[in-house]
**Student:** 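One structure follows; several queries about it will come next.
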Amino acid sequence: MNLQYLWRKRKSIVVTWLISYSVVLFVPIVISLIIYSQASHALKGEIHRANDSLLKQMRYTIDNQIELMKRLSMEITWNSKLQGLVYSSKPSKEAPFTAYQLVNDFRLYKTSYASIDEFYVVWNRDGSVLRPGNVRDMETAFHAVHNTGGLTYLQWLDVLRRPVQERFVLLPHQDAAQTQTSIAHITQLPKDLNGEDTGTVVVLANTARFLEAFKNISGFNGGKLLILNQNDEILLSNVPGSSATQAEGLLEPFMDGERFRLDAEPVKGSELMSIHSAVSGLKYVLILPSSLYWKKAEYIRSFTYISIIISLIGAGVLTWFFMRRNYSPIQQLVQSLTDKNAQEEHTEWNELRLIQRAILNVRSEKDEIALQLQKHQQVLRSNMINRLLKGKLDPLVPYEEAFKSFHMKQLSDQFAVILFVVENDENLYAKLPGMDDNEQSKLIQFIIGNVVEELAAERQHAGYVVEVDDMMVCLVNLAPSTENEQQELHEIASVAQDFLKRYEMDITVSISGQHFSWPGIGLAYQEAVDAMEYKMVLGKRGIIAYQEIRRYPAEQSQHGYYYPLQTEQQLINFIKTGDFEQASAFMNEITTRNFSQPVMSLTLARCLIFNLAGTMMKAIHELGDGDGSLLENPLWMDKMMAYDTLQEMQEELHLLLQEVCDCAAAKRAYNVSREREGSLRDLTNNVARHIEENFQDINLNVNAIGEHFELKGSYLSKLFKSQTGEGILDYIHKYRIEQAKPIMRGKRESITEISRLVGYNDAATFIRVFKKYEGITPGKYKELY
């Protein structure tokens, strides 16, 4: 009997729920599998992060030792005695004494750098090796330091003479305990003026000092650690049988000859991690066994399967319980609906269909009520718009939903108001006999409303006309991205005014400004009302825009344009030095001084922006833009002209300034590296001092200064410009002008006398040079100061 009853109720919602809930049971299974997958990845990530931290700790420890080696190498390289010994043109008989002083200095280095096991300098010209306290020939020094059988004398020479400025290699070392090897930092000394190799600085540290850093990591995770040099060659590792020339066992799949391939596919059962040292340029590699995290992943997988089984059992029990509990209200609802018709209870076994039929009956009754409410919709809509216009917003009313309920489109949050006043309404009423005043008013409102709303729709706007205080008000919801809303509102008003003249309507129209959001509607209406009051002055039957009658201050102070030639030259000098921070701060000072004024026209502002861009072009042109990419690429100028705001143009200008300063800094760094910064700085200071001491000499010029310093004048000017950003002739002129300024401020001497005092034989030349660098003539300068 129960089975027959269930079969008849197979369409019941209970059966549907049972099937649906059963399907839902698969969700925890999927979630559990996802959790298992994510947990495995997370576990792997945590192990990697832990080993990454250990690698960083090892890098820190080793980098400290490497930094000491590099610091010692730098101190030796720039030792004044070594510079004098290697690059000096003094007689060769003085060299032994200088070498003796140098090796005595090396003893101090030996004491200061206790963790450095060995260091020496190979002096190519003398074929000697300078060690702390002694000078030996190269072969004797090799046997004293490196002759362990792992490297021949010729191989040692080949290592020293490789054309690499700075590198790390593994060298045999007799004094090194156990390993008999040391990591060597080799630095090639700069070549002499003839382009010949001068020598090599070698700093050694025993590998035992580095192997101590390996113990923590290898003891923690059983991984294999390697240190690679700049050529990805193995310097040091804890893998038995691995070196720079051979690799066996675990390392063989990762090797490409003598190079270790960091991009190689990981070997099955292992994971590869690596980090790079910014201090030494070395690479630290860790090879881990995959079993570290898979062992824990197996535990997570077993736990996941058990949780799935428990979830299925618990979910099945809860599903049946809640299904029966949730069905009880529906069962009671069905009984309440079917009590009135017992026959229907036996024919419709689906509870939802029975409820649906009852709801349809209720909806039909609701539609009848909605039909009655629709008749009053226009009144309700007018009342809502009226309250918005008067600024009486109800915070509890969602106006976006209210617009939708009244079938009103909301195109954007931009609103404006057009106000219409019929000036000859009494004459119109007289021409409409047989109608009472209320019907006549509604007819006029209907005509104006349809005309204005249709005109607004033609221009992609939404207009809604209502009557407020005996005036017809059109609330215009402007379309987004409207470029000239005032002109379009004026066109709507003008066309409506002309069209309504056909019906003999004399209309006065006022237009508000554009406002945003719902509170702005009240402001727009008030502006339109204020504008309408001006018909007393401007006359009736016209169009009055609030923007036209709004009063501005009678006078607005105007401020000048500040960007003198001297300021531009200072900015160019900052750019030439490649100092972006100082150049950016100076440019900000210029723009702030101009734009912080109360009023500055957009034309002058754009002029200033493009003048600043022109200054950068001048600076990069004077520097010489190598491939010409900055000067010939017009994209940045087009990009700047496309911007609409001064702020965007300033941001683009700073990006260009960054690029120009980077170019200048790179060029200056390139020049410095080629000419040796220290020697050029001294030469530049001497040239500047010579100019300052002899600026009154009328024969002072580039060639004369070049002869004084035994160099060609054009070449000396080029070196001077690479350091200061300007040529010698420019420096002479500027220094003379700076010396002439205080004399001119005294206003006692004539221009001719002043020109002779500062080294010019001809007053005309002095006037021309002064105007070139200062922008005005000396006479004008004396008048200003």
**Student:** How far apart are the C-alpha atoms of L455 and E453, what are their side-chain angles, what is the distance that settles it, and do they pass the side chain to side chain contact (heavy atoms under 4.5 Å, CB included) test?
**Tutor:** CA-CA 6 Å; L455 289 174; E453 290 180 1; over 6 Å; no
**Student:** Do side-chain atoms of Q65 reach the backbone of S115 as a donor and acceptor pair under 3.5 angstrom?
**Tutor:**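 Yes: the side chain of Q65 pairs with the backbone of S115.
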**Student:** Would the number of heavy atoms belonging to other residues, nucleotides or ligands and lying under 6.0 Å from CZ of F516 be above 12?
**Tutor:**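 Enclosed: over 12 neighbouring heavy atoms sit under 6.0 Å from CZ of F516.
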**Student:** Could you tell me which residues satisfy salt bridge (charged side-chain N to carboxylate O under 4.0 Å, His left out) with E454, sequence neighbours excluded, listed by chain and number?
**Tutor:**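 E454: no salt bridge (charged side-chain N to carboxylate O under 4.0 Å, His left out) contacts found.
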**Student:** Identify the two heavy atoms, one from Y284 and one from I62, that lie closest to each other, and give their separation to 0.1 Å.
**Tutor:**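 Minimum heavy-atom separation between Y284 and I62: OH-CG2, 3.4 Å.
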**Student:** Below 30° counts as parallel, above 60° as perpendicular, anything between as tilted: where do the rings of H185 and F168 land?
**Tutor:**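 If you compare the ring of H185 with that of F168, the planes turn out tilted.
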**Student:** Kindly write out the residues that satisfy salt bridge (charged side-chain N to carboxylate O under 4.0 Å, His left out) with E491, not counting sequence neighbours, or none if the list is empty.
**Tutor:**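 In terms of salt bridge (charged side-chain N to carboxylate O under 4.0 Å, His left out), with neighbours along the sequence ignored, E491 is linked to R459.
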**Student:** Give me the atom names and distance for the closest heavy-atom approach of Q460 to A479.
**Tutor:**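 The answer is O-CB, 3.1 Å.
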**Student:** Determine yes or no for a side-chain-to-main-chain donor-acceptor pair under 3.5 angstrom, with S512 supplying the side chain and V417 the backbone.
**Tutor:**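 Confirmed, S512 side chain pairs with V417 backbone.
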**Student:** Would you find a donor on one side and an acceptor on the other, under 3.5 Å apart, between the side chain of S412 and the backbone of L478?
**Tutor:**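 Looks like yes, one N/O pair under 3.5 Å.
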**Student:** Can you name the nearest heavy-atom pair linking L489 to A416, along with the distance?
**Tutor:**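 Where L489 meets A416 most closely, the heavy atoms are CD1-CB, 3.6 Å.
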**Student:** Tell me which pairs pass salt bridge (charged side-chain N to carboxylate O under 4.0 Å, His left out) where either residue lies in residues 404-415, with sequence neighbours left out.
**Tutor:**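 Of all non-adjacent pairs touching residues 404-415, none passes salt bridge (charged side-chain N to carboxylate O under 4.0 Å, His left out).
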